[in-house]
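These numbers were taken from a predicted model, which means no experiment stands behind them. When a ligand or atom number is given, it counts from 1 through the structure's own listing order. FYI, side chains are in, hydrogens and waters are out, and symmetry mates aren't considered; it's all heavy atoms of this structure.
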Amino acid sequence: MSYDDSNIFAKILRGEIPCHRVYEDADTLAFMDVMPQSPGHLLVIPKTPSRNILDADPATLSKVIPIVQKLANAAKEAFDADGITVTQFNEPAAGQTVYHLHFHIIPRYEGASLKPHTGQMEDHGVLAANAKKVVDALGA
Ligand code: AMP
């Protein structure tokens, strides 16, 4: 399957729809997931288009993974998490629903299970407050 630039993350990258941004550089954007599986669930995406990890240029992966690590540490600190789950889905059979490569960063707590994937939409005030926590942790 080829990349289709009508996907929602391509629209976010073009500024056509808003996001709760927490990090941006020349190659990467990170923002809050609107249907968080745990408070602080965020997404890291490369700006270079690829459908998922299967068709991504290794040069793109080499730029995005250090930012995944940076945001994982920031989210762990911002949400005082016991751990961080990083997930990344490829094709519908694997659970992918948006076809622009992205990494999920999900704060985890001992004994707490996750809410469903693409479950309930979070309140935008909560997402904005959580984005600020990540930004503050990155700045610390
Ligand atoms: P995946 O199944 O890995 O493709 O996950 C796509 C993720 O994008 C899901 O966790 C959705 O909650 C999330 N999502 C969908 N639309 C948006 C949006 N406009 N802004 C932020 N996150 C979104």
Exercise. Compile the protein residues with any heavy atom at a distance under 4.0 Å from an atom of ligand 1; present them by chain, then by number.
Key: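 The 4.0 Å shell around ligand 1 contains I8, F9, I12, F31, M32, D33, V34, M35, L43, F89, G95, Q96, T97, V98, H102, H104, H117, T118.
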Exercise. Measure centre to centre between the rings of H102 and H100, then say whether the value is under 6.0 Å.
Key: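 Here the rings of H100 and H102 have centres that are no less than 6.0 Å from each other.
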Exercise. Could you list who else is in F89's hydrophobic cluster, with ILVMFWY side chains joined at under 4.5 Å, directly or through other members?
Key: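 So far as hydrophobic clustering goes, F89 is joined with none.
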Practice problem: List, by chain and then residue number, the residues other than L13 in its hydrophobic cluster (Ile/Leu/Val/Met/Phe/Trp/Tyr, side-chain heavy atoms under 4.5 Å); write none if there are no others. | Solution: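 Same cluster as L13: I8, F9, I12, I17, L29, F31, L43, I45, V98.
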Quiz item: Can you list every pair that meets salt bridge (Lys or Arg N to Asp or Glu O under 4.0 Å) and has a residue in residues 130-140, with sequence neighbours left out?
Solution: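 Output for this query lists K132-D136.
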Quiz item: What are the two closest heavy atoms between L127 and M32, and how far apart are they?
Solution: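 Heavy atoms only, the tightest pair is O-CG, 3.7 Å.
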Self-check item: Shortest non-hydrogen contact from P107 toward A81
Solution: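 Smallest heavy-atom distance, with atoms named: CB-CB, 3.8 Å.
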